[in-house]
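The basis for the numbers below is simple: all heavy atoms, side chains too, and nothing from hydrogens, waters or symmetry mates.
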Number of protein chains: 2
Amino acid sequence: MSSARTSHPTAASSAATDDPRERILSAAGQEFAEKGYEAATIRDICTAAGVNVAAVNYYFGDKRRLYNESVTHAHQQRVRQVPLPKWPPGTPPEQKLRDFVGNMLQRMLGFDQPPWQVRLMLREILHPTDACRELVEDYIRPHFTVLVSILDELTAGSLSKAELRRVGLSVVGQCFLYRAAGDVVNMLIPGPEINRLHTTDQLADHVTSFCLAALGRGTPLTDRNSRLSSHRVSPSGQA
Amino acid sequence: MSSARTSHPTAASSAATDDPRERILSAAGQEFAEKGYEAATIRDICTAAGVNVAAVNYYFGDKRRLYNESVTHAHQQRVRQVPLPKWPPGTPPEQKLRDFVGNMLQRMLGFDQPPWQVRLMLREILHPTDACRELVEDYIRPHFTVLVSILDELTAGSLSKAELRRVGLSVVGQCFLYRAAGDVVNMLIPGPEINRLHTTDQLADHVTSFCLAALGRGTPLTDRNSRLSSHRVSPSGQA
DNA sequence: ACTCTATTCAAACGCCTGTTTCAATCAAGT
DNA sequence: ACTTGATTGAAACAGGCGTTTGAATAGAGT
């Protein structure tokens, strides 16, 4: 009671690496992402962050609150890093769909940036805790709404909202499998095939073609034995 | 060293509930499935199984080996409970696909039987440990092979093996999303819609139609505004 | 120079974990 | 009845965990 623990510092200003609060959040996010909530230890987190064990209690109160703030922090970072694509008016919905799928796969699987934030969010998706609702409302639902509107445009309003949502889930599911069960997928697919056919772009092409064909736009997969009808759409998302 | 710990009992005979080994495996499977490896405690497991804490060390050696045997045990149970459907020769591949998808969804989401074995296997799929390879080879790959052969029959050999596998993953992904990210899906879909349109049968119909349309068999989803062309195929799997 | 407050630090506190001990019990075998 | 081996039981072990303590430090205000 004698120590100064009143008026928690908010540290909303600088995001420099010398801010202990920021360093703890970053280290905690990576530890939680890799090992999960139970297996990650405060001692390891503080060692990685270069601060004393007491710091986490001083800044965050306890482990659970540190976890919640880590999820929020990672998800806000991710939103800034990979915004939803913006299309000029008149963009054909087929290209929008291809861009959206490519963007989603890039965000889920992209190797260009360390994906520990995604892995942390994935844990919340698979085993939701308190931090999940915010994640859904701020991050997942907006993306899903955009997807549904693309599908609505694509089908010219001939599908009900419920049907559109189901189709949207079909699109997401195809991408989600590679992120969530990637290890098992790699065990099912012969080695050379993975490197050639399971790149982010290849997968985006496949998922897009598959869905367009299912919706009656674009040719069914069986009608393209020869390579002449592959109507590639160049990806433009990811800023 | 003085205690009798030589010649571990195999207990391969009876599966009665008075066999301590069996009771521990069952309790451990449920605890591991619900809480994960780290959060599940040996004391809780033994309390649930009605045995002493020393029993797990006596029968299994340590926690890790108990976990591995739990996964194996649950997966073998599941294989016996829900075998792959068998079709008489001449069954149209469309119906086979519908049966397969319905069977997979029933196995993943089925509310008729306690699905803790599936949740335990899901944990292995998401974060593989040593017990994963056996799971893939004995359980997942055979199912996936059947799916690919159905798709091959469906497309009359016009798709390469690599393309067939990609389509197979598209089928699996659509189902997998509901199992792995079911909580988030429920947050994205309005309440009443879940109970009406997201039953196991409805989902199987949707996924099957979606894939058939994408493969050029069956009508695209946009060409069925009126309810007259819904070519339902009754499910026959699940023995 | 002194004070006050915010922050850091090493050390410790209970508590719970997986694991082990060793005596008690039990069920044949002879 | 006695022995033998397998199984169970209550209690303890060492170690790691989240958390707390209280003193040391730093830095600005006056």
Side-chain angles (χ1 to χ4, degrees), chain A residues 1-14 16-29 31-32 34-71 129-130, chain B residues 1-14 16-29 31-32 34-71 129-130:
Chain A
M1 309 300 178
S2 61
S3 71
R5 206 169 296 104
T6 59
S7 78
H8 278 238
T10 49
S13 54
S14 73
T17 52
D18 63 334
D19 179 14
R21 213 185 133 89
E22 210 77 15
R23 284 216 313 278
I24 295 174
L25 278 177
S26 177
E31 286 288 319
F32 284 136
E34 284 176 19
K35 306 179 182 175
Y37 178 77
E38 316 283 348
T41 72
I42 290 186
R43 280 176 172 82
D44 285 351
I45 291 171
C46 291
T47 301
V51 300
N52 191 271
V53 278
V56 57
N57 223 269
Y58 180 76
Y59 285 104
F60 299 96
D62 59 5
K63 187 185 184 183
R64 173 56 61 179
R65 273 179 290 213
L66 169 62
Y67 175 81
N68 289 339
E69 289 218 38
S70 293
V71 174
T129 70
D130 297 339
Chain B
M1 309 302 179
S2 63
S3 71
R5 206 169 296 105
T6 58
S7 78
H8 278 239
T10 50
S13 53
S14 72
T17 53
D18 64 334
D19 180 12
R21 213 185 134 90
E22 209 78 15
R23 285 214 314 276
I24 295 175
L25 278 177
S26 178
E31 286 288 319
F32 284 136
E34 284 177 20
K35 306 180 181 175
Y37 178 77
E38 316 283 347
T41 71
I42 290 186
R43 280 176 173 82
D44 286 351
I45 290 171
C46 290
T47 301
V51 301
N52 191 270
V53 278
V56 57
N57 222 271
Y58 180 76
Y59 284 104
F60 299 96
D62 58 6
K63 188 185 183 184
R64 173 56 61 179
R65 272 179 291 212
L66 169 61
Y67 175 80
N68 288 339
E69 289 219 38
S70 293
V71 174
T129 68
D130 296 340

Q: Over 60° means perpendicular and under 30° means parallel, so classify the ring planes of B:Phe32 and B:Tyr37, tilted if in between.
A: parallel

Q. Of the nucleotides C:dC9, D:dG9, C:dG18, which has the atom closest to the B:Asn52 side chain?
A. D:dG9

Q: Please report, rounded to the nearest Å, how far the P atom of C:dT8 is from the CG atom of A:Asp18.
A: 11 Å

**Q.** Under-4.0 Å salt bridge between A:Asp130 and A:Arg64
**A.** no

Q.
Rounded to whole Å, how long is the line connecting atom CD1 of B:Ile42 with atom P of D:dA12?
A. 20 Å

(Q) It should be established whether B:Tyr58 places a side-chain nitrogen or oxygen under 4.0 Å from OP1 or OP2 of nucleotide C:dT20. (A) no

Polar pairs (N or O, both sides) under 3.5 Å between protein and nucleotides 12-14 of chain C?
residue : atom : partner : partner atom : Å
C:dA12  : N6   : A:Arg43 : NH2          : 3.3

**Q.** First encountered from the 5' end of DNA chain D, between B:Gly50 and A:Lys63
**A.** B:Gly50

Q: Select base, sugar-phosphate, or nothing to describe what B:Ala54 touches, counting heavy atoms under 4.0 Å on all strands.
A: base

(Q) Under 4.0 Å, heavy atoms only, any strand: does A:Ala39 hit a base, just the sugar-phosphate, or nothing? (A) nothing

Q. Separation of A:Arg65 atom CZ from D:dT19 atom C1', in whole Å?
A. 12 Å

Q | Test log, rule side-chain contact (heavy atoms from CB on, under 4.5 Å), inputs B:Val56 and B:Asp62 | A | CA-CA 7 Å; B:Val56 57; B:Asp62 58 6; over 6 Å; no

Q) In whole Å, what is the span from the CZ atom of A:Phe60 to the C1' atom of D:dG18? A) 16 Å

Q. Which distance, rounded to the nearest 0.5 Å, do you find between the CZ of B:Arg65 and the CG of B:Asn57?
A. 8.5 Å

Q | Rounded interatomic separation in angstrom, taking CG from B:Asp62 and P from D:dA14 | A | 20 Å

Q: Give the rounded distance in Å between these two atoms: CG of B:Leu66 and C1' of C:dT19.
A: 13 Å

Q: Round to a whole Å and report the spacing from OH of B:Tyr59 to P of D:dA6.
A: 12 Å

Q) How many angstroms lie between atom CZ of A:Arg21 and atom CG of A:Leu66, to the nearest 0.5 angstrom? A) 9.5 Å

Q) Roughly how many Å is it from CD1 in B:Ile24 to P in D:dT7, rounded to a whole number? A) 12 Å

Q. Quick one: side chain to side chain contact (heavy atoms under 4.5 Å, CB included) partners of B:Ala55, sequence neighbours excluded?
A. B:Ile24, B:Val51, B:Tyr59

Q) Taking the side chain of A:Asn57 as heavy atoms from C-beta outward, which of C:dT8, D:dT8, D:dT19 is closest to it? A) D:dT19

Q: For residues B:Tyr58 and B:Asn52, determine if any side-chain heavy atom of one lies less than 4.5 Å from a side-chain heavy atom of the other.
A: no

